[in-house]
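One structure below.
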2 protein chains.
Amino acid sequence: MDRRIELRHLRYFLALTEELHFGRAAHRLHIAQPALSQQIRQLETIVGVELFRRTSRSVRLTQAGAAFQPRARSLLDTLAADLDEAGRVGRGEAGRLDVAFITSATTIVGEHLREFSRRRPEVQVKLHDGFTTDVLTALERGTADVGIVRDAEQRDDIDLSLLASERFVAVVPTDHPAAEGDRVEARALAADPLILFPRSAGPKAFDTNTQPLRNAGIDVQVTQECSHWHTIVTFVAAGLGVTIAPYSVTAPLPPGARRLELDGPPTVSQIFMATRRGDDRPLVQAFTAASTAGGPARPLAPSRRPV
Amino acid sequence: MDRRIELRHLRYFLALTEELHFGRAAHRLHIAQPALSQQIRQLETIVGVELFRRTSRSVRLTQAGAAFQPRARSLLDTLAADLDEAGRVGRGEAGRLDVAFITSATTIVGEHLREFSRRRPEVQVKLHDGFTTDVLTALERGTADVGIVRDAEQRDDIDLSLLASERFVAVVPTDHPAAEGDRVEARALAADPLILFPRSAGPKAFDTNTQPLRNAGIDVQVTQECSHWHTIVTFVAAGLGVTIAPYSVTAPLPPGARRLELDGPPTVSQIFMATRRGDDRPLVQAFTAASTAGGPARPLAPSRRPV
DNA sequence: TCGATCCATAGGAGCAGCTTATTGATGGGC
DNA sequence: GCCCATCAATAAGCTGCTCCTATGGATCGA
């Protein structure tokens, strides 16, 4: 007789605490009265104490029963909420998403995030900024669920989906000869020292970034290597050289630097969302899908499950 | 197929989250592997999401499963604690006890309470002080579980058990002729105005309290009626008259009043614990029993129930 | 004293959950 | 490259628990 407690016991117990009448409580539970008597008795042997004091004329809660009632009630409520929550997580409506992104994409990530949060207000997004290598490492190791990188190369284990494109622009010191106009031809920068991130930080990104110069027949030589765009444009403003940068990292510019549109065949920088290949988790799917237009993603009336 | 969730599902789910292997988890649960597969599948249809991603080589938690695990764990732990608590309440080892007592018994109630709290540290005692009528009313109405009264008369619906006895003493102003000694004969107070509570506040208590005077052949006439002993002895100290009081309410006395032992046949005031007749709740029994000597009331190793 | 009410008990039936046996898929070893 | 080991899913039958109906027994009002 070492039966274990089941939720049935709690459900029956609570019905009886409310009705204080075996017949009515049983009716409400859609069972016959003897079944309820049995189960309540069983619960009492499990707990080891009398929960109801009954005569043939009345049913009253004992102190132990009175103490147990709110706890049982709360337990069932909690469980219902937990099931609901698990369901939402499973459908990608709630949960936590780790997003790793390169610092130079902060503006675009922010825009995307605002849209995603509107669609999935219950999802907690954890952000991690870093260099391209950090982002990819986080993705590989599972530290991040989604990575956001710029001009990445294709890989077997990673899916890329385009998040945004933006043109490259030139950034020159305000005392540069070309700084008086709004536009510049790449070849006009041939003699200037070039400030840029090291190629090792992202070969494909580096090559894309310098494409306008190579299109103009310039032999690309980086005079000053910096890791952060913020540092690069600051150095430009200080008159140490010029750079070619994706538009979004040049707004705003520090005083002393000036942005110029590039003449010639347009080259774009592409920002990708990167996910592990085969990662079909709903939240990941929802995040990458948030850039595409679409209706509200969550059902209007979340179904409440009986417990 | 609208089966309801049961604790069995949670127990099986948790075992599987820990083992991440159907065979081992089933073994630990003392069931066969297919039974576990069935129940997990059933749980998943109830929740509406996949909780484990399984291949024939591996079993992994999904995000929904990972989100549900700590909640399920906590639910079972909570339930175990709740059952434990209900058991303790049922055995009178925990819970709440409402004790109504007369103000003049404060000292004795305090002593009794200290002993009771030592024995039942988990019981929360709620105290209500008032006059004898308040105490009895609270007991009748169920507002109080135990009442503590002084020199009460027997009643059909209330059980009395003696808590303490104490002698009566006289209290006189320090300028009273008898105040020079330590003792006094009751008849020496015959001419003094008597300060006491009204007889209507408790006829039996009043009669007991005035017994020493009546033994001395004095016709008892209360000159000044007060409800609280504190007020009575203050009036005595102010020289308005004398009184006869149970010892405990005369310690300490305000300046200006002096306590004298009474000569003659001793009369005692009895303090009773009053309970509703037939109230066999363990806490009530334990409280009334706390005055009698006895070992520790709670088992040394409370049994932990499996859930 | 009789009847009504209501909880407990008794005995039987149906089904949920368990069992063993087997299938099917995956991955490692020779 | 084939075979075997591993492991979860499926199939089919059995067991035991929960529920049922019928009845007993206690209490209260008329």
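From a predicted model like this one, the values you see are computed outputs, not experimental measurements. Hydrogens, waters and symmetry mates play no part in the numbers below; they use all other heavy atoms, side chains included. A note on names: the letters A, B, ... follow the listed sequences, proteins ahead of strands, and every chain is numbered from 1.
- Proximity of a side-chain donor or acceptor of Glu93(B) to a complementary backbone N or O of Glu122(B) within less than 3.5 Å is not detected.
- Gln33(A) comes within 4.0 angstrom of a base, heavy atoms only.
- Distance CD (Glu6(A)) to P (dC19(D)): 12 Å, rounded to an integer number of Å.
- Picking from dG17(C), dC19(D), dA8(C) the nucleotide with the shortest atom distance to the side chain of Ala35(A) gives dC19(D).
- One atom, CG of Leu36(B), and another, P of dT10(D), lie 14 Å apart when rounded to the nearest Å.
- The separation between Leu29(B) atom CG and dT19(C) atom P is 10 Å, rounded to whole Å.
- When each of Ser58(A) and Pro34(B) is assigned the nucleotide of DNA chain C bearing its nearest heavy atom, the one mapping closer to the 5' terminus is Ser58(A).
- For Arg41(A) and dC17(D), the CZ to P distance is 18 Å, given to the nearest whole Å.
- Between the NE2 atom of His9(A) and the P atom of dC19(D) there is a distance of 9 Å, rounded to whole Å.
- For Gln42(A), taking side-chain heavy atoms from C-beta onward, the closest of the listed nucleotides dT18(D), dC20(D), dA9(D) is dT18(D).
- Closest contact between the side chain of Gln38(B) and the listed nucleotides dT19(C), dC17(D), dA8(C) involves dT19(C).
- Set against dA8(C), dT21(D), dC17(D), the side chain of Ala32(A) has dT21(D) as its closest nucleotide.
- Residue-level contact check: Tyr12(A) touches the backbone only, with heavy atoms under 4.0 Å from sugar-phosphate atoms and none from bases.
- Dashed line: the shortest gap from a side-chain N or O of Ser37(A) to OP1 or OP2 of dA8(C) is under 4.0 Å.
- The distance between atom NE2 of His27(A) and atom P of dT21(D), rounded to the nearest whole Å, is 13 Å.
- Side-chain atoms of Gln69(A) do not come within 3.5 Å of backbone N or O of Phe13(A) as any donor-acceptor pair.
- Arg8(A) contributes no side-chain N or O that forms a donor-acceptor pair with the base of dT18(D) under 3.5 Å.
- In this structure, Phe22(A) and Phe52(A) have perpendicular ring planes: the angle between them is above 60°, well past the 30° mark.
- Atom CZ in Arg53(A) sits roughly 12 Å away from atom P in dA8(C) (whole-Å rounding).
- Under the 3.5 Å distance criterion, the side-chain polar atoms of Asp129(B) are left unmatched by any main-chain donor or acceptor of Ile102(B).
- The distance from atom CD1 of Ile40(A) to atom P of dA8(C) is 9 Å, rounded to the nearest whole Å.
- The side chain of Arg3(A) contributes an N or O atom lying less than 4.0 Å from OP1 or OP2 of dT18(D).
- Across all strands, Arg57(B) comes closer than 4.0 Å to base atoms (heavy-atom distances).
- Backbone-only contact: His30(B) has heavy atoms under 4.0 Å from sugar-phosphate atoms and none from a base.
- Proximity of a side-chain donor or acceptor of Ser58(B) to a complementary backbone N or O of Thr55(B) within less than 3.5 Å is not detected.
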